[in-house]
K.L.:
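Dumping the structure here so I can ask a few things about it.
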Amino acid sequence: YGAAANPEMPPVPVLVHPPALHESGASRTVPFDLSASLGVEGRECTSPNLMASFIRVKVGEKVETSATATSQAFYVIRGKGMSTSEEHGKV
């Protein structure tokens, strides 16, 4: 368990994402992909055991997501919304 929870990793640079990433543009999912910096091949990842993404949803629109992991978590910067899944219904 310890190796999976706290794997050895190369140094990861501090990255800054401009406000335009979430304040303007079309509704979309923007992966926070650090796989190249981490030396991980064959999949997008933010860490060896996490894939984080930014999601922008314009008023009145929807964005479909799919968890290819054991969970999804959402943090709302501004506004409100809901997530619906077959397993858990509306959240």
K.L.:
Between Arg28 (side chain) and Ile55 (backbone), is there a donor-acceptor pair under 3.5 Å?
P.N.:
no
K.L.:
Determine the minimum heavy-atom distance between Ser37 and Pro10, stating which atoms define it.
P.N.:
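For Ser37 versus Pro10, the nearest heavy atoms are O-CG, 3.6 Å.
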K.L.:
Below 4.5 Å, heavy atoms only, C-beta onward: do Thr46 and Asp33 meet side chain to side chain?
P.N.:
no
K.L.:
Would Leu15 and Val40 show up in the same hydrophobic cluster when neighbours are defined by side-chain heavy atoms closer than 4.5 Å?
P.N.:
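Yes, Leu15 connects to Val40 through the hydrophobic network.
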K.L.:
With a 4.5 Å cut-off on side-chain heavy atoms, are Leu34 and Ser47 touching?
P.N.:
no
K.L.:
How many angstroms lie between atom NZ of Lys80 and atom CZ of Arg78, to the nearest 0.5 angstrom?
P.N.:
15.5 Å
K.L.:
Testing the basics here: between Ser53 and Pro31, what is the closest heavy-atom pair and its distance to 0.1 Å?
P.N.:
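It is OG-CA, 3.5 Å.
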K.L.:
What closest approach, in Å, do Thr84 and Met82 show between heavy atoms, and which atom pair accounts for it?
P.N.:
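So the minimum-distance heavy-atom pair works out to OG1-SD, 4.0 Å.
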K.L.:
Applying a strict under-4.5 Å side-chain criterion to I, L, V, M, F, W and Y, I'd like to know whether Val59 and Val63 cluster together.
P.N.:
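Result: no, two separate clusters.
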K.L.:
How far does CG of Leu50 sit from CZ of Phe32, to the nearest 0.5 angstrom?
P.N.:
9.5 Å
K.L.:
With a 4.5 Å limit on heavy-atom distance, are the side chains of Lys62 and Ser27 in contact?
P.N.:
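Heavy-atom side-chain distance check fails, nothing below 4.5 Å.
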K.L.:
Are more than 12 heavy atoms, taken from residues, nucleotides or ligands other than Glu23, located less than 6.0 Å from that residue's CD atom?
P.N.:
yes
